[in-house]
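Below, each value reflects all heavy atoms present in this structure, side chains not excepted, and no hydrogens, waters or symmetry copies. Just so it is clear, the structure is predicted and the values come from calculations on it, not from any experiment.
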Amino acid sequence: QLRLVESGGGLVQSGGSLKLSCVSYGTRVAIATMGWYRQAPGKQREFVADVTIGGRTDYGNFGKGRFTVSRDNNKNTVELQMNNLRPEHTAVYYCHATGALTGEIRRKDYWGRGTQVTVSS
């Protein structure tokens with residue numbers, strides 16, 4: 001199985017920056033895509049950004065141009081650089097990965113426990 005551990009969250013003022021990191025642990029899963037989701041209080045979890053093993057990136061409507069996602073395929077880590085943060089970005093940010101168990105084709109979803117990002121006015 002795969003364990004995802006996030007770090008880098010915190011409290012920043014509007015206009016500030018944060019870098020989130022996610023480290024994966026597990027040798028039985030071949031990771032295809034790694035990225036980030038977020039969930040604000042009372043709202044559904046939504047897509048932020050991800051990157052495939054081939055390096056293609058995708059961003060949610062609010063993230064493109066503001067956030068930058070990157071990964072290290074060998075280390076199976078992913079980062080999210082967040083700039084010009086605003087209060088509406090306040091949420092728990094979850095690391096997410098898709099991957100297949102060794103010897104299998106079908107991919108599964110894996111989630112970290114989240115890291116809190118709070119942006120003050």
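Using modelled atom types, one side-chain atom of Thr102 and one backbone atom of Arg28 make a donor-acceptor pair closer than 3.5 Å. Thr90 contributes no side-chain N or O that, together with a main-chain N or O of Thr118, makes up a donor-acceptor pair within less than 3.5 Å. Of the possible polar contacts, one joining the Ser24 side chain to the Asn76 backbone as a donor-acceptor pair under 3.5 Å is found. Side chain of Arg66 to main chain of Asn84: a donor-acceptor pair is present (N/O by atom type, distance under 3.5 Å, no hydrogens or angles). When atom types are taken as modelled, the side chain of Glu6 and the backbone of Cys95 share a donor-acceptor pair closer than 3.5 angstrom.
Tyr110 and Tyr94 fall into different hydrophobic clusters, where Ile, Leu, Val, Met, Phe, Trp and Tyr residues are linked whenever their side-chain heavy atoms come under 4.5 Å apart, directly or through other members. The cluster map of Ile, Leu, Val, Met, Phe, Trp and Tyr, joined by side-chain heavy atoms under 4.5 Å apart, puts Trp111 and Val48 in different clusters. Criterion: ILVMFWY side-chain heavy atoms under 4.5 Å apart, direct or through other members. Under it, Val69 and Val92 are not part of a common hydrophobic cluster.
A side chain to side chain contact (heavy atoms under 4.5 Å, CB included) with Phe67 is found for one member of Leu85, Asn83, Leu20 and no other, namely Leu85.
Of the charged side-chain nitrogens involved, none lies within less than 4.0 Å of a carboxylate oxygen, so that Glu104 and Arg106 do not count as a salt-bridged pair.
In this structure, the separation between CD1 on Ile31 and OG1 on Thr52 is 13.0 Å, given to the nearest 0.5 Å. Taking CG of Leu18 as the reference point, atom CE of Met82 lies at 4.5 Å (rounded to 0.5 Å). Distance CD/Glu79 to CH2/Trp36: 8.5 Å, rounded to 0.5 Å. Atoms CG and OG1, on Leu80 and Thr68 in that order, are 8.0 Å from each other to the nearest 0.5 Å.
Nearest approach of Lys43 to Gln39, heavy atoms of both residues: O-NE2, 3.1 Å. Of all heavy-atom pairs spanning Pro87 and Ser121, the tightest one is CG-OG, 3.8 Å. Contact detail for Met34 and Leu4: the closest heavy-atom pair is CE-CD2, 4.4 Å. Gly9 and Thr115 make their closest contact through N-OG1, 3.2 Å (heavy atoms, listed as atom of the first residue, atom of the second, distance).
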Discussion item. Could you walk me through whether Gln1 and Leu101 satisfy the side chain to side chain contact (heavy atoms under 4.5 Å, CB included) test, starting with their C-alpha distance in whole Å, then the side-chain angles of each, then the deciding distance to 0.1 Å, before giving a yes or no?
Written reply: CA-CA 7 Å; Gln1 300 299 313; Leu101 291 170; 3.9 Å; yes

Item to complete: Would you check, one step at a time, whether the test side chain to side chain donor-acceptor pair (under 3.5 Å) holds for Asp50 with His96?
Response: CA-CA 8 Å; Asp50 64 15; His96 171 260; 5.8 Å; no

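A side-chain N or O of Asn73 and one of Arg71 form a donor-acceptor pair less than 3.5 Å apart.
Heavy-atom neighbours of Gln13 CD from other residues, nucleotides or ligands within 6.0 Å: at or below the threshold of 12.
Side-chain contact between Thr33 and Val51 is absent, with no heavy-atom pair separated by less than 4.5 Å. Using a 4.5 Å cut-off on side-chain heavy atoms (C-beta onward), Arg38 and Arg45 make no contact.
Phe47 has its ring centre less than 6.0 Å from the ring centre of Tyr37.
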